[in-house]
Amino acid sequence: VHLRPLPPDLVERYGLRRVAITVAQWLAFELSIWHEIATAYGWSSFELYPEYLSAFSPEDLYSNLFGIKIAGGLLVNSGEAESDVLYDRQMDAWLRATLQY
């Protein structure tokens with residue numbers, strides 16, 4: 001994954017927090033795709049567990065993107081993730097609301 005400097009007017013227009021979260025979401029999704037590709041070709045986080053057995057399960061990329069988008073929305077709202085406990089509570093609420101929607 002290669003990142004190039006972002007245009008300063010982009011940061012000025014949307015704010016550093018929102019831009020950083022959006023870039024982090026993009027990076028997380030890109031890395032999740034490459035994780036699936038690497039495990040399909042035999043790479044494993046743990047030598048004793050062959051991850052290629054679960055590489056590119058039908059729901060992998062959708063569930064990754066779902067979590068990435070919800071976490072990003074939660075993080076944009078400053079204060080909702082000030083602690084692990086608060087993050088967990090807010091994530092539960094966001095998951096519930098998103099699934100109901």
Side-chain angles (χ1 to χ4, degrees):
V1 176
H2 296 275
L3 284 179
R4 294 188 177 90
L6 296 172
D9 64 314
L10 182 75
V11 176
E12 188 176 315
R13 188 176 332 139
Y14 296 103
L16 183 59
R17 182 179 181 89
R18 182 175 291 272
V19 171
I21 290 168
T22 302
V23 169
Q25 287 176 297
W26 175 78
L27 278 171
F29 188 66
E30 288 293 313
L31 291 173
S32 77
I33 292 169
W34 284 107
H35 173 79
E36 297 303 325
I37 292 169
T39 55
Y41 283 94
W43 180 84
S44 181
S45 302
F46 306 101
E47 289 183 33
L48 299 175
Y49 179 74
E51 295 184 48
Y52 64 84
L53 298 174
S54 70
F56 280 115
S57 298
E59 82 292 345
D60 282 346
L61 297 179
Y62 293 106
S63 63
N64 293 348
L65 185 59
F66 183 72
I68 289 165
K69 296 300 278 182
I70 290 175
L74 191 154
L75 292 171
V76 165
N77 293 322
S78 186
E80 290 194 9
E82 295 289 321
S83 69
D84 289 345
V85 171
L86 189 53
Y87 176 86
D88 290 343
R89 285 185 189 146
Q90 291 299 324
M91 180 57 79
D92 288 345
W94 277 66
L95 279 169
R96 229 179 344 273
T98 303
L99 291 171
Q100 287 174 349
Y101 176 75

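When reading the values below, keep in mind they use all heavy atoms of this one structure, side chains included, and skip hydrogens, waters and symmetry mates. Position 1 is the first residue of the sequence; numbering continues from there.
Using a 4.5 Å heavy-atom cutoff, the side chains of Thr98 and Phe66 are in contact.
Residues Leu61 and Glu36 approach most closely at CD2-CG, 4.1 Å, considering heavy atoms. Here the closest non-hydrogen pair linking Leu75 and Arg17 is O-NH2, 2.5 Å. Scanning both residues, Ile21 and Val76, for their nearest heavy atoms gives CD1-N, 3.6 Å. For Leu6 against Val23, the heavy-atom pair with the smallest separation is CD1-CG2, 3.9 Å. The two residues Lys69 and Gln25 make their nearest non-hydrogen contact at CA-NE2, 3.5 Å.
Taken from CZ in Arg89 to OG in Ser83, the straight-line distance is 7.5 Å, to the nearest 0.5 Å. Here CG of Leu10 is found 10.5 Å from CG of Leu16. Values are rounded to the nearest 0.5 Å. Once rounded to the nearest 0.5 Å, the distance linking OH of Tyr87 with CH2 of Trp94 reads 10.5 Å. Between Glu59 atom CD and Leu65 atom CG the span is 13.5 Å, to the nearest 0.5 Å. In this structure, the separation between OG1 on Thr39 and NE2 on His35 is 4.5 Å, given to the nearest 0.5 Å.
By the 6.0 Å contact criterion, CG on Asp84 is open, its count of non-hydrogen atoms from other residues, nucleotides or ligands being 12 or less.
Cluster membership for Tyr62 and Ile70, using ILVMFWY side-chain heavy atoms within less than 4.5 angstrom, is not shared. By the criterion of side-chain heavy atoms lying less than 4.5 angstrom apart, applied directly or through intervening Ile, Leu, Val, Met, Phe, Trp or Tyr residues, Tyr14 is grouped together with Trp26 in one hydrophobic cluster. Hydrophobic clustering (side-chain heavy atoms under 4.5 Å, transitive across Ile, Leu, Val, Met, Phe, Trp, Tyr) groups Ile68 together with Ile33. When hydrophobic clusters are built by joining Ile, Leu, Val, Met, Phe, Trp and Tyr residues whose side-chain heavy atoms come closer than 4.5 Å, directly or via intermediates, Val85 is not grouped with Met91.
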